[in-house]
Engineer: 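Below you will find the structure I want to go over with you.
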Amino acid sequence: MNLFSDIRALVLDCLQAMEVDGSLPAGLDLANVAVEPPRDAAHGDMATNAAMVLAKPAGRKPREIADALAAKLAADARILSAEVAGPGFLNLRLAPSVWQAVPRAALRLGTAFGRSDLGQGQRVNVEFVSANPTGPMHVGHTRGAVVGDALSKLLAFAGYDVTREYYINDGGAQVDVLARSAYERYREVHGLSPEIAEGLYPGEYLIEVGEALKAEFGQRFLNAPEAEWLEIVRDFATDRMMAMIRADLAALGVEMDVYASEKALYGTGEIEAAIARLDAQGLIYQGVLEPPKGKTPEDWEPREQTLFRSTVHGDDVDRPIRKSDGSWTYFAPDIAYHYNKISRGFDMLIDIFGADHGGYVKRMKAAVSALSAGQVPLDIKLIQLVKLYKNGEPFKMSKRAGTFVTLRDVVEMVGTDVTRFVMLTRKNDATLDFDFDKVLEQSKDNPVFYVQYAHARVCSVLRKAADMGVATDDAALAQADLAVLDDPAELALMRKLAEWPRLVEIAARSHEPHRVAGYLSELAAEFHALWNRGNDNPALRFVQEGDHATTAAKIALARASAVVISAGLAILGVEPMDEMR
RNA sequence: GCACCCAUAGCUCAGCUGGAUAGAGCGCUGCCCUCCGAAGGCAGAGGUCGCAGGUUCGAAUCCUGCUGGGUGCGCCA
């Protein structure tokens, strides 16, 4: 149920009727006709721009079209009034019964209220986190993980078939560095002093890997040359790191459907096949790149390389896919990995990267465009920095090398739900301030608390009504006569509820889960406003002593609000609270 | 030098993918409440939407050029 699309359909019906009766020319393009909530509530319940959009193609004045359309619309029982305003807007007022049907729908459908078939079952692959398996996840990864997970949930709610995927960068030089770092810890637990050379990972989390290595291999590698242990230690340490990362993700409530390994692409011919596919399109050649202008690296010299002609697909320069020693650059397995995703039949790909990978966007899109013949869109969301604060002061956990604020630290300090919600209060490409104290504050300035508090208030009021003897299950509440809900504050809340299905589609279309968090704050604000009206005006309180019918209607509205809050929080991956403690 | 992202109230930010008089919270000013329908309420002041052009009936939103900030720019991923 989406009231806005219902009314838009009505508007389109009326316009077509006008084409039939000759008041509009036939064959007009109606795609830009919109029905939206007005910015100013004084303008009515909904507004349509139909007359202004069609004035020019129809060769008629906007007001003429608007008047004729208003007459047609007014014949529908749902339309209370249709008034022409401003440059040609048609402001619609809807019958209260239309709004009153909204909480009823929410009660009947439960948290499925707002689900959409926008995606029509299209298969979407969302790749996110993809942190190098060289250490625990830190705050930066956390935001990417939350955004990716919430986006996945949002898309599923909007009718897409979603696969969540983690790409393990276990094929490059950094896992060799991990192996050498772990090896030093392995020596350390044997009583030898470790040599954590410049460039190795100094983190103490590798000590337990060293211990595990000792338990597994004893002294076997202690005096062995690197060639003998490197591969074994690398695989061993990588497995340990991935286990740790999976546990971190689990603590955040994130579950992946697929863990894809970079290493697994080597030696299978997958990389070669992907490159061959590009080669077949004439997009692979031997050439020499120009040095970057303005900032030429010290050691730059012209060099012939194997290049991908990414400029054909919108990139700024062509990109190397082989190093001078003939081995693949990091870009090559990435091309193969995306080719792999395309080959698995996804209709759309989404990658979530850290903002420092911004320079990588065009070449990746170019590769996907070439490999899918332009058929599979790739959207890349860049996640900006999280700045940590404590009591308004910039926060650093420790200055010792190798330690940083980890995902675990954050979750242990403020909890999974708060972490997730706060990470979704800003759009992904804006930096986010995260204050350990403010996010736990119990006041209306804190959106997490504000939304949770609204839900808790509903639960509280339902308990009171139940004590009074009112049936408070959703099925019973859906039967209540909601015609008594006609106060402006009540209607405002119903209007906000009616926006939910529309918001889901807008957020899903733009791949912006943060909009859900923003909407929930607005919905909570409407709910609290109505609640506060009850302070001054007892007739607006949800529980009306001795009046079961009115109480049932009012708590039906309250419960419907809680249902939508639950549905929204579920998309964010946050548990609603039944009471505040 | 080039590319991408950002720029909205004193502060932190929303802003419906082009709509009407640009919103919220904090802070500020005034009034109300001292209440477990608790963890405040109501009202008010405050903005050339970085600048300049353009497209459009209509622009914070789209295009172009500037300014300022961030990120990145061939053998690191």
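Below, read A as the first sequence line, B as the second, and so on, with proteins coming before strands; counting in each chain starts at 1. Computed from a prediction, not measured in an experiment: that's the story for all the values here.
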Engineer: Determine whether a donor-acceptor pair (one donor, one acceptor, N or O, separation below 3.5 Å) exists between the side chain of A:R502 and the base of B:C16.
Structural biologist: yes
Engineer: For atom C1', what is the distance between B:C36 and B:G50, given to the nearest Å?
Structural biologist: 49 Å
Engineer: In whole Å, what separates the P atom of B:C5 from that of B:G41?
Structural biologist: 39 Å
Engineer: Does a side-chain heavy-atom distance below 4.5 Å link A:K362 with A:D316?
Structural biologist: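 They are in side-chain contact.
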Engineer: Using a heavy-atom cut-off of 4.0 Å across all strands, would you classify A:V317 as base, sugar-phosphate, or nothing?
Structural biologist: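 Counting heavy atoms under 4.0 Å across all strands, no contact is made by A:V317.
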Engineer: With rounding to the closest Å, how many angstrom separate the P atoms on B:U21 and B:A14?
Structural biologist: 24 Å
Engineer: With centres under 5.5 Å and planes under 30°, do A:H357 and B:G72 count as stacked?
Structural biologist: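 No, A:H357 does not stack on the base of B:G72, since the centre distance and plane angle fail the 5.5 Å and 30° test.
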Engineer: So is the aromatic ring of A:F89 stacked onto the base of B:A20, judging by whether the centres are under 5.5 Å apart and the planes are under 30° apart?
Structural biologist: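 One would call A:F89 stacked on the B:A20 base.
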Engineer: Whole angstroms only, please: what is the CG-P distance between A:L385 and B:C6?
Structural biologist: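 Whole-Å distance recorded here is 16 Å.
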Engineer: Using a 4.0 Å heavy-atom cut-off across all strands, classify A:F331 as base, sugar-phosphate, or nothing.
Structural biologist: nothing
Engineer: Side chains of A:V177 and A:T134: does their closest heavy-atom pair fall under 4.5 Å?
Structural biologist: no
Engineer: Would you tabulate the pairs of protein nitrogen or oxygen atoms and nucleotide nitrogen or oxygen atoms of nucleotides 39-45 of chain B closer than 3.5 angstrom?
Structural biologist:
from, atom 1, to, atom 2, distance (Å)
B:A39, O2', A:Q442, O, 2.9
B:A39, N7, A:Y453, OH, 2.0
B:A39, N6, A:Y453, OH, 3.1
B:G40, OP1, A:K444, N, 3.4
B:G41, OP1, A:K444, NZ, 3.4

Engineer: Can you tell me, in whole Å, how much space there is between the C1' of B:C62 and that of B:A43?
Structural biologist: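 It comes out at 39 Å once rounded to the nearest Å.
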Engineer: Could you tell me the separation between the NZ atom of A:K365 and the P atom of B:C4, rounded to a whole number of Å?
Structural biologist: 11 Å
Engineer: Determine the interplanar angle of the A:Y360 and A:H357 rings, folded into 0 to 90°, and report it as parallel if under 30°, tilted if 30 to 60°, perpendicular if over 60°.
Structural biologist: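 Rings of A:Y360 and A:H357: perpendicular, over 60°.
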Engineer: B:A20 base to A:N91 side chain: any donor-acceptor pair below 3.5 Å?
Structural biologist: yes
Engineer: Within this structure, what is the CE-to-P distance between A:M364 and B:A77, rounded to whole angstrom?
Structural biologist: 15 Å
Engineer: I'd like the P distance from B:A52 over to B:A60, given in whole Å.
Structural biologist: 13 Å
Engineer: So A:W500 and A:F157, would you call those rings parallel, tilted or perpendicular, with 30° and 60° as cut-offs?
Structural biologist: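 Tilted.
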Engineer: Flag this pair as yes if the NZ/CZ of A:R309 is under 6.0 angstrom from the six-membered ring centre of A:Y285 and inside a 45 degree cone about the axis; otherwise no.
Structural biologist: yes
Engineer: If the C1' atom of B:G68 is compared with that of B:A7, how far apart are they to the nearest Å?
Structural biologist: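 So the two C1' atoms sit 8 Å from each other.
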Engineer: Is A:A525 touching bases, backbone alone, or none of the nucleic acid, heavy atoms closer than 4.0 Å?
Structural biologist: nothing
Engineer: Please report, rounded to the nearest Å, how far the P atom of B:A3 is from the NE2 atom of A:H313.
Structural biologist: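 My rounded result for the distance is 21 Å.
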Engineer: Taking 4.0 angstrom as the limit, do A:D467 and A:R463 come out as a salt bridge?
Structural biologist: no
Engineer: Nearest heavy atom decides the nucleotide; on that basis, is A:Y360 or A:V461 closer to the 5' end of RNA chain B?
Structural biologist: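 So the residue in question is A:V461.
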Engineer: Rounding to a whole Å, what distance do you find between A:D429:CG and B:G15:P?
Structural biologist: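 It is 10 Å, rounded to the nearest whole Å.
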Engineer: Taking B:C16 as the reference, what is the distance to B:U55 when you measure between their P atoms (whole Å, please)?
Structural biologist: 24 Å
Engineer: So, does A:K427 get its side chain near the phosphate of B:G15, meaning an N or O under 4.0 Å from OP1 or OP2?
Structural biologist: yes
Engineer: Does NZ or CZ of A:R502 come closer than 6.0 Å to the centre of the six-membered ring of A:F4, within 45° of the ring's axis?
Structural biologist: yes
Engineer: With heavy atoms under 4.0 Å as the rule, sort A:E290 into base, sugar-phosphate or nothing.
Structural biologist: nothing
Engineer: Tell me: CG of A:N132 to C1' of B:A77, nearest whole Å?
Structural biologist: 6 Å
Engineer: Under 4.0 Å, counting only non-hydrogen atoms across every strand here, what does A:A85 touch: a base, just sugar-phosphate, or nothing?
Structural biologist: base
Engineer: For A:H338 and A:D351: C-alpha separation, side-chain torsions, deciding distance, then whether side chain to side chain contact (heavy atoms under 4.5 Å, CB included) applies.
Structural biologist: CA-CA 10 Å; A:H338 281 76; A:D351 288 352; 2.6 Å; yes
Engineer: B:A20 P sits how many Å from A:R63 CZ, rounded?
Structural biologist: 17 Å
Engineer: Hunt down any stem RNA chain B takes part in, defined as 3 or more consecutive Watson-Crick or G-U pairs whose two distances are each under 3.5 Å.
Structural biologist: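 Listed by first number, the stems are B:1-5 with B:69-73, B:10-13 with B:23-26, B:28-32 with B:40-44, B:50-54 with B:62-66.
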Engineer: How long is the line joining NZ of A:K438 and P of B:C11, in whole Å?
Structural biologist: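 Roughly 14 Å, once rounded to whole Å.
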Engineer: Do A:D170 and A:S261 have side-chain N/O donor and acceptor atoms under 3.5 Å apart?
Structural biologist: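 Yes, a side-chain donor-acceptor pair sits under 3.5 Å.
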Engineer: Specify the residue among A:P302 and A:D356 whose closest nucleotide of RNA chain B lies further upstream toward the 5′ end.
Structural biologist: A:D356
Engineer: Rounded to whole angstrom, note down the C1' distance from B:A45 over to B:C51.
Structural biologist: 28 Å
